[in-house]
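Heads up: the structure comes next, in structure tokens.
Letters A, B, ... mirror the listed sequences (proteins, then strands); counts begin at 1.
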Amino acid sequence: MRLTNFPLTTFKEVPAEAEVVSHQLMLRAGLIRRLASGLYSWLPLGLRVLHKVEAIIREEMDRAGALELLMPVVQPAELWRESGRWEEYGPELLRLSDRHNREFCLGPTHEEVITEIARNELKSYRQLPVNYYQIQTKFRDEIRPRFGVMRAREFTMKDAYSFHLDEASLLEGYETMRVAYDRIFKRLQLEFRIVQADPGAIGGSRSEEFHVLAESGEDAIAYCEADGYAANVETVAIPAAGGPPDEAKADFELVHTPDVRTMEELSAFLKVEPANCLKTLVVQGTDAPAVALLLRGHHELNRLKAEALPGVAQPLKMLGTTEVRDATGCEPGFLGPKDLDIPLYVDQAAVSLSDFVCGANQADHHFRGVNWDRDVPVPEVADLRNAVAGDPSPAGGGPLVIARGIEVGHIFQLGSRYSDSMKATVLNKDGKANAVQMGCYGIGVTRIVAAAIEQNNDDHGIIWPEAIAPFDVVLIPINMDKSYRVKEAADTLYRELHDAGFDALLDDRSQRPGVKFADADLLGIPHRLVIAEKAWDEGQIEYKSRRAAEAEMIPVASVAKFLAETRE
RNA sequence: CGGGGCGUGGCGCAGUCUGGUAGCGCACUUGCAUGGGGUGCAAGGGGUCGGAGGUUCGAAUCCUCUCGCCCCGACCA
């Protein structure tokens, strides 16, 4: 590509709407443009990257034996009613009607459609197992789209669905996909981790997420180097630890704590660590109007664990001020377990506290020097909290480390969730109808582009992994307008590299070198060649890797060979 | 949805409080010079100030309504 044929518009300034670095750089480098909230156009430069990501995914899916197909974005409500998700899915499902008033939705995912295909096409166990995939547009009406294409409403996803006669075959198919995903993310040259995930409302027995590690990631993941354990923080079952509480030393006393409501204020007012305080969260109950959950002050409630408790309403709902007052007769901010007349659960880590602080169930008062049994009976104990750094690994190998990740892939064993409700069966050897077992496997294609930038950038711009860079190499002629030799050299080299199979970008604009260097850096092209008259006459050319600090001189004659070797 | 903020040329912003008929930087066009890290000078083009209604002799500015966008939001008791 010659830059004179390419309307490149780069920005020096950071657009005000972009918060994370990948979004800023994608706008500045001219990869994407926003059309409306959560809707983005991919400009030619961005699309080149997207296509390279898609090509790698396609190659690996094909290699794993999956079959590509393409399903519609617009899907009939009827199918969604059959699976039960027309009601279940909620407002993220964008619903619409056609001119005949028939109801449709924009597909946020394609389980319904693929199951419809499967039940019509697959009749015999002899046709199984099979894995269908597509790379296609999804629409999810997110409450709050953000971070550019990272959480957009319309995005590209690779989704795959496998069909099996029995669970053993499903396990095999799942494993095949797991291996394929591992290959895909390695080829994309991203630093990633495979973590155990919550199978969630979709159901199924096993589920893993693929996370690209990045500070700006929306998910927290916990892992242990020693034993290889890795999981989304929300799913970590924390092993009971801590043992019995220390012997009580302090006297139980009521302290006046005027207007001290939050853990932060309490900790500062009484000069105690939040870890030695007990906080009381009140959630909606099923049998009783309210249920209290007790945690140490520095721990966070885990939503999934709380929802799993008997008597706690699903989905989890924290009660508001008035509701808390009605249920407990006490002002929020001063709640504690002593004489609290609603069902109580205490986190296992809070049981080993001694001489702790908690609310006194009367306005403007807390208790100090509280001890279990002596002052307050121990309520029902449960694992209620999110894992924090230093917690023991459930696999037993040592402490957990917490990192942030961007979820770019997710694989599920669905089982018969959809084949049951939508009656997708095949005949088995005995001629009997058998509900098929399903697996489903997703990759956020557009999100990968943003994740790759989050992980690879510097003050000058993007630093593409070579596998997905829009161009392999950029050629910058110096003083081309003045020197016919430079112009000729640049043209020759450009054609040579192109013929040798490189995606080369020739910056033949009448710009000063500084502008070209700045743009080359911003666009993040992995390799840069600078053609200058003097060096060229001596058979030399300047090469610089986007990742290197310094340039080096190499012989012109061996440029293609040099690049091929550098590229691996 | 609740809370906060912002809509002025393609991008970044000033002007709004205190009403007087729109400005700066980048980008773009032309010319001259310059020519190895966002070059200088000069001359240009481009904006119904998100939209509608109102107040006023006069509205980007004041009032009402509306649309769009961005940020925060279980709780941290």
Which comes earlier along RNA chain B counting from the 5' end, the contact point of A/G38 or that of A/E300, where each point is its nearest nucleotide?
->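 Counting from the 5' end, the first nearest nucleotide belongs to A/G38.
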5′-ward residue of the pair A/R528/A/H366 relative to RNA chain B |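 The residue mapped nearer the 5' terminus is A/R528.
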Among [options], find the nucleotide with the atom closest to the side chain of [X].
X: A/F517; options: B/G36, B/C72, B/G35; value: B/G36
X: A/E542; options: B/C70, B/C71, B/G36; value: B/G36
X: A/P513; options: B/G37, B/G36, B/G35; value: B/G36
X: A/V515; options: B/C76, B/G35, B/U39; value: B/U39

Establish, from distance only, whether the side-chain atoms of A/S216 and A/E454 form a donor-acceptor pair under 3.5 Å.
->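 There is such a pair between these side chains.
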Provide a list of protein-nucleic acid N or O atom pairs under 3.5 angstrom, restricted to nucleotides 7-16 of chain B.
unit_1: B/G12; atom_1: OP1; unit_2: A/A16; atom_2: N; d: 3.1

With heavy atoms under 4.0 Å as the rule, sort [X] into base, sugar-phosphate or nothing.
X: A/S37; value: sugar-phosphate
X: A/K516; value: nothing
X: A/L281; value: base

Using atom P of each nucleotide, how far apart are B/G50 and B/C11 to the nearest Å?
->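 Taking atom P in both B/G50 and B/C11, they lie 13 Å apart.
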Report the distance from atom CG of A/L522 to atom C1' of B/A27, rounded to the nearest whole Å.
->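 In whole Å, B/A27 C1' lies 14 Å from A/L522 CG.
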Nearest whole angstrom, please: distance from the P of B/C6 to the CD of A/E19.
->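 Going from CD in A/E19 over to P in B/C6 covers 17 Å.
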